[in-house]
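Have a look at the structure below before the remarks.
Letters A, B, ... are given to chains in the order of the sequence lines, protein chains preceding strands, and every chain is numbered from 1. All heavy atoms count here, side chains included; hydrogens, waters and symmetry mates do not.
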Amino acid sequence: MDKIIEAFHDGINKSGRDREKMCMVTDIAYDPEVVDYLGVDLFHTNRGRAIAFATGMKLSNPNLILAVFIGDMATLGGNHFVHAARRNMDLFVVCVNDFRYRKVAAQETPGDFSRLEFSSYCSIEQPLNLPHLARSNGAVYVARWTALHHEDLINSMAEALPQAGFKLIEVISPKPELLEFFYLNSEIKHGEDTAKVGIEEDKKIVVGKFVERERETFIDAYNKQHYKVLGDKFIKIAAE
Amino acid sequence: MIEVRFAGFGGQGIIRSGLILGRAVSIFDEKFATMNQNFGPEARGGACSSQIVLSDTKILYPYVTRTDYLVAMSQDAYSTFEHELKDEGTLIIDVDLVRANSNKKTYDIPSTRMAEELGNKIIANVVMLGFFTAISKVVSKEAMEKSIRESVPGRFIDLNLRAFNKGYDWGDKKLSEDN
Amino acid sequence: MNGNQACAEGSLAAGCRFLGFYPIQPCFEIVQHFADRCVDVDGTFIQMEDEISALAAVLGASWAGKKAMTVTSGPGFSLMMEHVGLGVMLETPCVIIESQRFGPSEGYPTQAGSGDVMQSRWGSHGDYEIITLSPNCPQEMFDLTVRAFNLSERYRLPVVVLADKAVGSMVEAVIIPKAEDLRLKKRKRYSGPKGKYLPYEYDKDLVPWMVKAGQGYRFHVTGLTHDEKGYPVMNAKCQEWNVHRIINKVRLFSDDIIDYEEGYTEDAEVLVVCYGSVSRAAVRAVRQVRKEGIRAGFFRLKTLWPFPEQRILELARQVRTIIVPEMNYGQAFLEVDRCSRGKAETIFVHQDFPKVRSGVDIINAIRKADVKA
Amino acid sequence: MKALEAVEKQEEIPPTEHPMDDVLRMDRIPHIWCPGCGIGLAVTAFVNALEKMQVDLDKVCVVSGIGCTGRVAGYIKTDSFHTTHGRALPFATGLKLGNPDLKIVVFSGDGDIVSIGGNHFIHAARRNIDILVICVNNFIYAMTGGQVAPTTPRSAYTTTSPFGNFETPSNIPQLAESAGAVYVARWTSLHMRRLTQSIIEGFQKPGFSMVEVISPCAMYYSRINKLGLGIDMMKFYHDNSVIKHGEPTENLDIGFQSQIIVGKFVDRERPTFSELYKGWKKEVKTVKRES
Amino acid sequence: MKADPKNVFTGSHYIDGDVACAYGAVAAGCKYLAGYPITPSTEAAEAFAVKAPYVGAQFIQMEDELGSIASVLGASWAGKKAMTITSGPGFSLMMETIGLGAATETPFVIINIQRAGPSTGVPTSTGQADMMQAKWGSHGDYEIIALAPESPQESFELTFKAFNLAERYRVPVMVMSDECVGHMAEKVVIPNAQELEVEPRRYFTGSKKDYKPFKRDKDLVPWMARAGAGYKLYLTGLTHGEDGRPIFDVKTFEMKSKSLRGSTNRYLVDKIRHNRDKIIKFEEHQTDDAEVVVVSYGISARVAIKAVKEARESGIKVGTLRLVTVWPFPEKRIEELAHQVKGFVVPEINYGQVVYEVDRCSQGRANVILVPHGGAAVHDSDDILGAIKQAATDHNPYDRILEYTTALEREVFGENMVSKI
């Protein structure tokens with residue numbers, strides 16, 4: 001986890017974006033020191049509601065830069081994920097895929113890499129291909145790295161942060177003893193068709209930058225449509 | 001205090017009628033009017049009614065108990081609400097849609113047919129409003145016309161006013177026949 | 001065995017064969033134990049995408065004929081609220097095990113609280129009555145889970161077991177009776193001719209007969225206000241017919257449902273009304289002050305809802321002071337205060353969880369009440 | 001008195017047996033749908049499919065959510081459940097796992113399945129639960145009076161997008177495909193025969209199948225956008241729908257009154273949840289025996 | 001601070017309660033509404049959507065109610081006055097995040113146009129059965145404020161007031177309207193902006209370093225900061241200290257909770273309980289000499305008027321107490337009245353919710369008669385009259401709340417209905 005925050009820190013530096021305007025919205029608790037280290041405002045919301053919370057923030061103050069860290073993949077918040085991508089809400093989403101919830105003992109998440117360790121209670125379900133879901137719903141930037149691809153991750157973050165629209169970076173970060181295994185079992189394939197990057201047993205994990213494109217963001221579309229219809233009577237949303 | 005009920009089925013503009021009448025009375029005649037609505041889940045075809053309580057003073061109890069005027073635009077509406085009409089109350093019906101068998105004072109108008117003649121059966125309710133205004137005299141004609149102007153989209157105002165006047169004239173005619 | 005394991009055992013003993021859940025602290029152990037054991041008895045468990053769907057799946061499984069339950073904690077329970085309402089309206093038997101935690105929102109996930117007492121009664125919109133049980137030891141986690149299934153089958157209602165972290169992780173001896181000694185209530189099944197089945201026709205006990213999906217009865221049920229056939233009817237009469245019965249099938253039979261434990265109440269002047277894990281400290285406190293010669297007694301609620309109004313009033317007439325210690329800022333206290341009808345003074349004692357174990361506050365409150373007299 | 005006479009005449013027609021008596025709850029007819037609505041057609045297609053397949057109706061369950069399409073469950077004479085908004089799929093999941101012999105059909109609208117139930121849709125598709133989803137897409141929330149839906153095309157007017165919709169609409173087949181559905185098809189309510197065929201295929205396919213039915217909403221969507229009556233929409237479908245089987249799902253976006261691509265887009269094999277669960281159980285049992 | 005004239009649609013309008021809520025919100029400076037369509041609240045969202053682009057406000061229709069409320073919280077922290085509008089089932093879905101709002105002390109407004117329940121119930125008709133849910137619906141301990149309007153005019157006023165209360169006490173405020181009021185059209189007079197006093201947000205003004213998001217003022221309400229203004233906020237629904245940061249390990253927690261008399265959670269309750277007298281508002285009529293008092297709220301209060309009038313005419317000394325704020329509950333006043341009157345009559349469109357509070361506060365000194373109603377319609381005023389008569393003549397104290405058997409119940413279940421509790 002620390003590695004991701006570090007990469008985020010360096011990514012912000014490299015992208016040259018203003019930390020004071022940056023808000024980090026999460027759905028799991030981070031150590032309070034993260035706030036001091038990053039110099040951002042941190043909002044820890046309910047499980048799964050981080051993206052919706054960030055949507056409200058963005059629409060109320062379009063100057064804010066919103067970084068959403070979702071910890072438990074797209075289980076509870078899958079719907080908000082899909083619809084924020086569809087609307088192309090200007091959010092930078094980091095999905096930390098640790099193949100299980102950090103805080104509760106052993107259990108499945110949609111991204112579970114099945115049968116790494118067999119217990120009477122391990123994954124029986126097929127994992128969700130999050131990059132594909134993001135792309136097909138309209139995300140403008142989709143990448144995946146493991147936490148050990150440190151430089152790549154920083155570059156990806158620096159690249160994605162200034163872009164307008166819904167950006168997703170999936171970071172694979174299971175418990176430390178497994179991280180090495182994943183790192184070694186990954187291959188970089190930039191621009192790979194997201195339909196083929198599903199995480200499956202006995203296959204290498206595909207990492208890299210899969211999607212980079214431009215689409216009108218929600219706020220732009222909103223402004224444009226209302227200008228068109230209302231002309232000068234329309235008042236744009238601004239920060240108070 | 002005068003109690004009015006418009007009743008029919010969804011899609012006939014029953015609730016809009018109530019709103020137009022209420023607005024005319026409370027904004028343009030500067031009296032008091034409370035409008036309530038009842039409807040089912042269906043957009044079209046379900047039973048639907050609006051009740052309006054009119055008064056010169058502030059209305060405390062907002063529901064009709066014994067109606068002075070029942071405007072029925074469907075057979076169902078007639079059979080459901082006829083009994084709550086006062087003995088000296090007035091029944092107003094669309095003659096093509098309702099077959100009334102009431103001992104109360106009854107006025108009828110072919111409002112839907114008239115609306116169709118004007119080009120759109122959706123404005124049958126406005127024809128009916130004109131008729132109601134003429135018969136009941138609980139609201140001034142001018143207030144109703146102003147209210148209609150405020151309540152319908154710009155390009156339909158003329159059509160609606162024509163419909164209203166057609167209904168109103170029919171009402172005048174009926175009244176003079178009575179006398 | 002700890003409370004969580006006892007609860008899982010209880011559910012299996014009661015015949016539960018379906019668990020839909022979403023992982024949340026501090027009750028996850030129940031799921032693990034259930035998952036471990038359900039393979040032996042051909043049970044099913046599924047981790048759904050959130051708590052909303054977890055309870056929805058449980059309702060579905062219940063209509064498919066399984067005894068079903070879900071396990072959750074505060075925030076998850078809040079998400080389930082809409083489906084508690086659906087469960088009540090469809091009259092679906094199911095059990096919700098809720099392990100309370102501290103505080104509103106995320107609060108303190110690993111610490112016990114009892115702030116969900118009122119929520120379990122009033123949390124869903126609209127009018128309904130519900131049954132809530134409150135165990136205070138691992139043995140009761142077993143017994144009350146079994147009872148919860150029995151009650152839910154008998155009254156066709158979601159039944160809530162309000163446990164907490166403390167009871168869940170407490171390790172004590174649990175006696176599991178033999179299968180043949182367990183008295184299990186059977187669902188009130190309909191077995192008449194197929195064409196005549198009405199899903200919401202009821203008799204004296206106000207509970208309708210139920211069938212399984214797929215038996216050929218071709219019934220329809222809806223969360224909308226419905227008539228006997230289960231078809232939606234949107235009028236005040238039908239609404240009255242529904243709500244009146246949903247409420248009264250619990251209110252009229254509350255004497256059969258209500259369960260409590262009393263101690264030293266015959267001559268008590270100060271009464272401690274308690275439930276859940278606080279009750280352990282409360283009972284100990286009462287025993288201690290008895291040694292000092294204070295005439296104190298305790299009244300422990302095993303069913304929180306329906307609330308034992310009558311008995312509280314009787315006791316209020318007898319005692320001078322009623323003390324209600326809770327791990328919240330006054331919930332069951334309000335009911336006790338109401339039911340005592342001014343006959344006795346009521347005092348609320350807030351319990352921080354670090355203090356729960358000692359029961360110092362309770363002892364002090366009892367002493368103070370005694371001195372006042 | 002013309003209208004009245006017609007009413008009287010109608011009353012005199014003796015009741016006859018309807019061919020759908022066995023599948024529809026005739027005691028609930030007339031239904032609540034408006035004239036010109038396409039949901040009835042979708043129901044007809046479904047009923048036809050059931051009759052063609054000769055399935056045991058006792059083993060079929062229909063689950064619906066809330067909304068206009070949500071009322072379908074109430075009219076089909078199988079075991080039918082009308083649940084809460086968006087939660088038809090998890091309810092159906094429970095039914096299926098509770099009794100694997102049942103054949104479950106979830107019949108609901110676009111708002112119900114894609115908007116509030118979006119998460120359940122994704123995850124049911126990912127798990128590949130054996131359910132057929134028939135999603136009637138009318139581009140609007142009709143039951144509540146015409147609000148903007150995630151499927152509303154851009155620049156279309158609704159009561160909550162009074163200045164034209166500016167959001168990008170959902171592409172339901174693509175969503176289903178990317179989440180893992182094994183069978184995805186789309187038809188308009190005009191393509192009755194093909195729709196029936198698709199429903200049969202989806203019904204018989206083990207795993208998560210989804211059939212989207214584009215349907216006119218004459219009362220709200222058409223009226224606000226001045227698209228005429230139901231029949232005009234049907235004409236529009238006739239002129240503007242193109243059948244392209246196997247079209248990549250990303251090309252299936254629907255613009256305002258633009259071309260609609262219909263057809264069968266996905267038909268693939270993936271292990272279903274029940275199969276995986278059975279396999280898992282076996283494994284656990286062996287491990288337990290060994291230890 | 002005066003209201004912004006641009007936002008206030010001064011003048012007389014003939015609108016229903018839903019629309020009046022939307023106008024009230026706009027007048028109060030609400031700049032963000034996230035909603036999801038649900039009968040019977042959609043009219044309000046529609047009215048807001050039409051007005052929003054003219055006043056620089058944002059309307060968004062989210063994918064579900066969970067998303068709506070979460071985004072409202074976000075909007076509030078980003079510096080806007082925000083609200084959501086819903087009805088029963090949507091309200092149930094919002095419960096978890098209402099808890100988050102209470103725990104993080106976020107000011108926002110929820111308008112709940114109640115309908116008949118439970119579950120889907122009868123969407124197009126009325127109920128008052130979410131009153132207890134408003135107070136107790138989320139897990140854990142917290143307090144909220146709930147207001148109940150009785151007319152479209154009051155829908156406007158109370159929505160306006162709700163925003164003021166939310167900002168003043170940093171608490172979720174609920175406007176518990178119902179379908180009848182929501183769909184009832186009456187004249188609504190909106191005053192000039194000059195006459196409307198808007199409570200500004202309590203922004204912290206000291207130096208950034210000193211700022212602690214949950215450090216309390218004397219009135220127990222903490223100061224707020226904007227997101228993205230460099231305060232390095234850490235906001236969490238986990239139990240937190242003054243600095244807003246979660247307390248992770250048990251030892252610190254126990255230590256802090258001792259020093260804070262039960263951690264910050266206590267203040268969530270106390271800040272409302274201590275300021276109760278400033279918040280509570282109710283209306284009384286003819287209670288000076290009353291032997292029976294009808295306690296009611298919302299539409300039921302208006303329905304009761306007729307019965308009260310008739311009762312007075314027949315010589316029964318009856319008064320009314322209408323709750324404008326239902327939560328916090330006017331405990332003291334009820335207790336005072338309990339000394340004076342023989343009985344309370346509580347008509348509610350439910351099977352007993354607020355009546356429990358009335359019963360509790362009267363402490364067995366006065367009889368309490370509930371006039372229940374399952375929903376989907378309002379009371380027959382004869383039932384209320386009957387209950388008033390009973391309360392006036394019955395001298396024996398009951399040992400429980402008495403449920404009046406209404407004409408509707410008799411009609412549905414017959415005269416020999418199962419005896420009531």
Q.
I'd like to know which of D:Thr249, D:Asn128, D:Leu175 tops the heavy-atom pair count under 4.5 Å against chain A.
A. D:Leu175

Q.
If I measure from the heavy atoms of chain A, does D:Pro169 come under 4.5 Å with its side chain, its backbone, both, or neither?
A. backbone

Q) For the residue pair D:Tyr277 and D:Phe273, does the interplanar ring angle fall in the parallel (under 30°), tilted (30 to 60°) or perpendicular (over 60°) class? A) parallel

(Q) What part of A:His132 gets within 4.5 angstrom of chain D, counting heavy atoms only: side chain, backbone, both, or neither? (A) both

Q) Hey, mind stepping through A:Lys167 and A:Glu212 against salt bridge (charged side-chain N to carboxylate O under 4.0 Å, His left out) and telling me if it holds? A) CA-CA 9 Å; A:Lys167 291 107 26 185; A:Glu212 189 172 9; over 6 Å; no

Q: Tell me, out of D:Gly118, D:Gly117, D:Ser155, who's got the most heavy-atom pairs with chain A below 4.5 Å.
A: D:Gly118

Q: Side-chain contact test, heavy atoms from C-beta onward, threshold under 4.5 Å: evaluate it for D:Ile104 versus D:Asp130 and give yes or no.
A: no

Q. What part of A:Arg87 lies closer than 4.5 angstrom to a heavy atom of chain D: side chain, backbone, both or neither?
A. side chain

Q) Is the NZ atom of D:Lys285 crowded by more than 12 outside heavy atoms at less than 6.0 Å? A) yes

Q. Are there more than 12 heavy atoms of other residues, nucleotides or ligands under 6.0 Å from atom CD of D:Gln204?
A. yes

